[in-house]
Protein chains: 2
Amino acid sequence: MNVNAKKRGRPSRKGTALKPEMIIDTAKQLMVEQGKIPSIRQLATALQVDAMAIYHYFKSKAVLLEAVTTSLISDIYQPVVRVESGAEVATEWQAELHQLCLSYLHLLEQYPGLLETLLSMESEGPAEVFAQRFTIIVEPLELDPPAVESALALLVDYLHGFALAMNCNQDRDALNPQMIEGPLGLYCKAIFC
Amino acid sequence: MNVNAKKRGRPSRKGTALKPEMIIDTAKQLMVEQGKIPSIRQLATALQVDAMAIYHYFKSKAVLLEAVTTSLISDIYQPVVRVESGAEVATEWQAELHQLCLSYLHLLEQYPGLLETLLSMESEGPAEVFAQRFTIIVEPLELDPPAVESALALLVDYLHGFALAMNCNQDRDALNPQMIEGPLGLYCKAIFC
DNA sequence: GCCATTATTCTACAATGTAGAATTTATTCT
DNA sequence: AGAATAAATTCTACATTGTAGAATAATGGC
């Protein structure tokens with residue numbers, strides 16, 4: 001007779017019900033705490049629930065991770081829209097871009113595994129979030145569409161490569177988001193010179 | 001009595017001995033065939049050997065993968081060193097860089113899992129290979145050291161991000177190395193203008 | 001009150017990395 | 001030559017993982 005055994009079947013008290021939100025939130029928390037994606041069993045333990053209960057809400061672990069990703073991605077920096085005049089155009093967008101990149105990297109650093117999920121996802125939603133905010137920032141530069149496309153591709157993949165390097169490096173301090181300074185400066189020169 | 005059971009203990013005939021090279025080669029082959037890193041058991045089966053035999057040569061799977069990586073990385077494009085004159089400087093290095101990038105991406109595409117191993121490795125050796133060849137190519141541009149460093153960082157992480165995207169995308173044709181054209185052009189503009 | 005639906009736990013399986021012991025052959029020492 | 005040691009291999013076993021499928025219990029609609 002297992003001491004820890006819980007009663008089987010649907011729980012009585014209504015408020016006790018497991019909710020998708022709770023699962024997602026706990027998953028996020030464990031990702032931060034453990035620095036990696038938790039196993040379904042670990043997640044279930046944290047929720048004080050049987051592992052299989054989670055599968056009632058998410059058809060597979062991949063689907064759960066996609067939900068986590070979608071929920072997190074909107075937290076990246078939201079650029080401020082300005083009415084710019086003359087000289088400001090040349091500098092403001094760089095600061096905004098810097099901030100967007102840092103917040104994106106910070107997110108990918110805080111939640112290891114997010115990156116791979118993001119890139120594996122069927123839905124383009126999460127990837128679109130960054131693109132959207134990027135577009136807002138470079139809007140005042142009035143680049144032609146193909147140039148914007150190339151610029152976005154170069155930046156996104158650069159950031160993903162950098163994030164991957166951070167995630168793979170075991171010693172946390174060897175690599176941090178501040179180090180994009182040089183490359184990002186070079187990048188800015190490329191798209192506006 | 002298992003029909004497939006092999007005799008235990010050290011094999012008699014000398015030539016039969018498993019060699020690290022064989023393990024590495026078979027691992028490479030399976031990576032290409034399966035499009036992912038094989039399990040130790042699969043690798044052992046291909047070698048017609050017990051799984052644990054592999055651990056006699058490599059202390060862990062990670063160490064084996066590092067050996068595979070080190071062995072593969074030297075295959076990337078070796079830039080030709082030229083004596084350039086005047087106008088050629090402005091164009092030749094771009095073609096060389098393009099070729100280097102394509103061969104690097106091709107390698108990372110062909111051997112999924114290589115990227116993560118590369119980035120997780122203690123040894124800087126493999127990472128140095130690309131850096132070395134990059135340096136040869138941009139040498140004639142006579143950039144100052146910090147600029148070279150930034151340029152290398154931007155390019156390497158961009159390529160890693162791109163490679164990761166290729167590896168994560170299940171439909172093979174959605175993403176291929178030819179697509180670096182635009183971003184790479186932009187990049188070249190950045191480092192020499 | 002009956003029955004379908006919903007939320008949950010339990011049991012079980014196949015795959016994985018790998019520790020540790022057993023076994024057989026090769027090599028080295030005396 | 002014989003004994004001891006080392007090397008190369010297979011076997012057995014374990015913990016961890018994702019998840020399929022069945023059993024169980026409460027809820028909600030009729």
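Just so it is clear: chains get the letters A, B, ... in the order the sequence lines come, proteins before strands, and each one is counted from 1.
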* With a 3.5 Å cut-off and just heavy-atom distances, do the side chain of R8(B) and the base of dT23(C) make a donor-acceptor pair? -> no
Can you measure [X] atom [atom1] to [N] atom [atom2] for me and round it to whole angstrom units?
{"X": "Q34(B)", "N": "dT16(C)", "atom1": "CD", "atom2": "C1'", "result": "14 Å"}
{"X": "L43(B)", "N": "dT18(C)", "atom1": "CG", "atom2": "P", "result": "13 Å"}
{"X": "I54(A)", "N": "dC10(C)", "atom1": "CD1", "atom2": "C1'", "result": "15 Å"}
{"X": "L64(A)", "N": "dT17(D)", "atom1": "CG", "atom2": "P", "result": "15 Å"}
{"X": "R10(A)", "N": "dT6(C)", "atom1": "CZ", "atom2": "P", "result": "8 Å"}
{"X": "M22(B)", "N": "dA8(D)", "atom1": "CE", "atom2": "P", "result": "13 Å"}
{"X": "Y55(A)", "N": "dC10(C)", "atom1": "OH", "atom2": "P", "result": "17 Å"}
{"X": "K61(B)", "N": "dT16(C)", "atom1": "NZ", "atom2": "P", "result": "8 Å"}

* To do: Fit a plane to each ring of Y158(A) and F162(A), take the angle between them on a 0 to 90° scale, and name the class: parallel (under 30°), tilted (30 to 60°) or perpendicular (over 60°).
  => tilted
Choosing from [options], which nucleotide comes nearest the side chain of [X]?
{"X": "R41(A)", "options": "dT9(D), dC13(C), dA7(C)", "answer": "dC13(C)"}
{"X": "K7(A)", "options": "dA26(D), dA12(C), dC10(C)", "answer": "dA26(D)"}
{"X": "S12(B)", "options": "dT25(C), dT8(C), dT10(D)", "answer": "dT25(C)"}

* To do: Could you tell me whether Y57(A) contacts a base, only the sugar-phosphate backbone, or nothing, with contacts defined as non-hydrogen atoms closer than 4.0 Å?
  => sugar-phosphate
* Asked: Please walk me through it: do S71(B) and K28(B) pass side chain to side chain donor-acceptor pair (under 3.5 Å)?
  -> CA-CA 10 Å; S71(B) 149; K28(B) 286 183 197 173; 2.7 Å; yes
* **Strand partner of dT30(C), provided both Watson-Crick or wobble distances fall under 3.5 Å** => dA1(D)
Can you see if the side chain of [X] gets near the phosphate of [N] - specifically, an N or O under 4.0 Å from OP1 or OP2?
{"X": "K19(B)", "N": "dA8(D)", "result": "no"}
{"X": "Q42(A)", "N": "dT16(D)", "result": "no"}
{"X": "H56(A)", "N": "dT8(C)", "result": "no"}

* **Nearest-nucleotide comparison on DNA chain C, the residue closer to the 5′ end among S39(B) and A51(A)** => A51(A)
* Distance flag, aromatic centroids of F130(A) and H160(A), threshold under 6.0 Å -> no
* Asked: For the side chain of Q34(A) and the backbone of M31(A), is there at least one donor-acceptor N/O pair under 3.5 Å apart?
  -> no
* Taking the nucleotide of DNA chain D with the closest heavy atom to each, which residue, M52(B) or I40(A), is nearer the 5' end? -> M52(B)
* Mind listing the closest non-hydrogen atom pair of A151(A) and Y187(A) along with its distance? => O-OH, 2.6 Å
